[in-house]
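Here is the structure we will look at.
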Amino acid sequence: MTAQTLDGKATAATIKAELTERVTALRERGITPGLGTVLVGDDPGSKAYVGGKHRDCAEVGISSIREDLPADASQADVEAAVARLNADPACTGYIVQLPLPKGVDANRVLELIDPGKDADGLHPTNLGRLVLRVAEEITSPLPCTPRAVLELLDRYGIDLAGKDVCVVGRGTTVGRSIGLLLTRKTINATVTLTHTGTRDLASHVRNADVIVAAAGSPGIVTPDMVKAGAVVLDVGVSRVEDPETGKARLRGDVADGAAEVASWLSPNPGGVGPMTRAMLLANVVDSAERQAG
Ligand SMILES: Nc1nc2c(c(=O)[nH]1)N[C@@H](CN(C=O)c1ccc(C(=O)N[C@@H](CCC(=O)O)C(=O)O)cc1)CN2
């Protein structure tokens with residue numbers, strides 16, 4: 001068996017075309033959605049992700065605003081950038097790129113974001129809504145990568161009701177919140193959240209109908225851990241040095257060979273990453289539409 005591809009790149013392109021139409025309709029009503037970003041420091045990955053977010057905005061007609069701060073920015077500097085975006089009427093939604101450098105308390109920063117402008121769905125109020133609303137519609141923004149996973153599966157018609165899902169990794173942007181989404185009554189999956197303290201990771205993963213590998217640990221999910229016919233989402237990404245060329249290359253959390261066992265597999269790159277970018281745009285457009293009534 002060779003797994004079918006959950007093509008995030010192609011799906012994201014379709015979603016971006018849909019969003020372009022919605023942005024055009026907003027602009028015709030005199031409303032221009034605007035995404036702000038706060039980037040602290042020179043981490044090449046974070047710089048590339050933020051650059052990609054601004055290119056995506058330009059592609060669909062969303063305006064964008066940058067707050068780029070040096071690596072030695074203080075907690076107060078970062079909080080001041082957040083305050084500027086909270087006050088800026090041209091910014092309808094914004095994100096603080098994570099991780100923040102050591103010495104800056106990310107949770108304190110996230111708490112200062114105006115929840116109505118929280119394009120990442122990471123403010124405690126928006127995460128709290130996710131906890132509280134089990135069956136009711138959630139109109140507040142959802143964290144982009146969890147939303148990306150769900151949207152990708154939905155676009156390929158993969159039903160999760162009654163399925164056992166194993167999430168590997170308990171990070172803020174993916175692992176901790178995806179279980180809340182998957183266990184909503186509209187989805188009805190059963191979730192096991194595993195992490196570095198889990199005993200016998202393989203046994204949990206092996207039980208799962210759907211695996212969400214989001215540990216940021218290259219190749220942590222090996223083919224022998226994948227149940228035949230499972231759906232595998234490779235979310236985590238790491239830059240590792242290729243021993244042959246000495247050059248840095250991207251590696252996902254799922255080791256080579258999983259495609260021979262799984263029924264569906266999201267490639268990495270080209271799977272959940274592009275969908276994460278598309279879901280950020282969707283959060284911005286959703287919130288601009290809500291603000292416009
Ligand atoms: N404030 C946030 N910080 C971070 C988030 C987030 O959702 N909000 N997620 C990640 C980084 N991230 C977006 O910020 C992100 C990661 C990966 C991709 C992506 O498209 N990856 C490509 C490969 C890219 C490459 O070549 O380097 C792919 O998977 O095809 C987009 C966004 C942590 N921080």
Side-chain angles (χ1 to χ4, degrees), residues 5-13 15-16 35-41 43-57 59 64 66-69 78 81-82 85 93-101 104 106-113 117-124 126-127 130 141-152 169-178 181 212-218 232-240 242 247-254 265-284:
T5 301
L6 294 163
D7 187 341
K9 210 170 161 190
T11 309
I15 292 170
K16 282 199 262 182
L35 174 74
T37 59
V38 178
L39 170 66
V40 187
D43 173 69
S46 292
K47 274 172 87 171
Y49 295 143
V50 169
K53 289 172 190 190
H54 289 280
R55 280 196 304 280
D56 291 340
C57 283
E59 211 179 311
S64 60
R66 292 186 74 126
E67 287 279 355
D68 290 354
L69 305 180
V78 181
V82 165
L85 292 176
Y94 70 95
I95 63 105
V96 175
Q97 188 63 32
L98 300 173
L100 287 169
V104 181
N107 286 344
R108 263 176 62 195
V109 172
L110 292 175
E111 287 192 22
L112 292 173
I113 294 174
K117 287 191 174 189
D118 172 25
D120 256 340
L122 294 176
H123 185 277
N126 293 320
L127 285 174
L130 196 50
L142 298 173
C144 299
T145 305
R147 186 175 177 187
V149 168
L150 262 59
E151 186 72 30
L152 188 58
R170 58 179 157 191
T172 311
T173 51
V174 194
R176 295 191 75 70
S177 49
I178 197 165
L181 274 175
V212 179
S217 177
V232 182
L233 292 123
D234 189 0
V235 179
V237 66
S238 313
R239 274 164 222 275
V240 293
D242 187 319
K247 286 189 185 149
R249 72 175 185 98
L250 295 182
R251 274 206 62 197
D253 280 2
V254 177
L265 175 66
S266 73
N268 194 346
V272 176
M275 288 295 291
T276 296
R277 285 167 59 169
M279 292 303 101
L280 174 62
L281 300 175
N283 277 349
V284 174

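In listed order, ligands and their atoms are each counted from 1. Just so it is clear, the model here is predicted, and its values are computed rather than measured.
- The shortest N/O to N/O separation between Arg277 and ligand 1 does not fall below 3.5 Å.
- Contact annotation: Arg239 has at least one heavy atom less than 4.0 Å from an atom of ligand 1.
- Considering only non-hydrogen atoms, atom 21 (N) of ligand 1 lies nearest to Gly273 out of Ala106, Gly273, Pro269.
- Atoms of ligand 1 found under 4.0 Å from any heavy atom of Lys53, numbered from 1 in the order shown, are 13 (C), 14 (O).
- In terms of modelled atom types and a separation under 3.5 Å, the side chain of Asp253 and the main chain of Ala215 share a donor-acceptor contact.
- Applying the side chain to side chain donor-acceptor pair (under 3.5 Å) rule to Arg55 yields no partners; only residues at least two apart in sequence or on another chain are considered.
- Across all their heavy atoms, Gly8 and Pro274 have their closest contact at O-CB, 3.9 Å.
- Nearest heavy-atom pair, Cys144 versus Asp120, reported as atom, atom and distance to 0.1 Å: SG-OD1, 3.4 Å.
- Atom 5 (C) of ligand 1 has as its closest protein heavy atom Thr173 CG2, 4.0 Å.
- For the pair Asp120 and ligand 1, a heavy-atom separation below 4.0 Å is found.
- Taking distance alone, with nitrogen or oxygen atoms compared against 3.5 Å, Val96 approaches ligand 1 more closely than that limit.
- The heavy atom nearest to atom 25 (C) of ligand 1, out of those in Thr172, Asn283, Val272, Leu250, is found in Leu250.
- Scanning all heavy atoms of the two residues, the minimum distance from Ile113 to Tyr94 falls at CA-OH, 3.2 Å.
- At a 3.5 angstrom cut-off on N or O pairs, Gly270 counts as close to ligand 1.
- In this structure, Pro274 counts as a contact residue of ligand 1, since one of its heavy atoms falls inside 4.0 Å of the ligand.
- Pairing each heavy atom of Pro143 with each of Gly121, the nearest pair is CG-O, 3.7 Å.
- Around CZ of Arg170, the count of heavy atoms belonging to other residues, nucleotides or ligands within 6.0 Å exceeds 12.
- Residue, atom and distance of the protein heavy atom nearest to atom 10 (C) of ligand 1 are Gln97 NE2, 4.6 Å.
- Residues passing the salt bridge (Lys or Arg N to Asp or Glu O under 4.0 Å) test with Glu59, sequence neighbours excluded: Lys16.
- Looking only at heavy atoms of the protein, atom 32 (C) of ligand 1 is closest to Tyr49 CD2, 3.8 Å.
- Of the N or O atoms in Leu98, one or more lie within a sub-3.5 Å distance of an N or O in ligand 1.
- Every N/O-N/O distance between Thr276 and ligand 1 stays at or above 3.5 Å.
- Across all non-hydrogen atoms, the minimal contact from Ala214 to Val235 is CB-CB, 3.9 Å.
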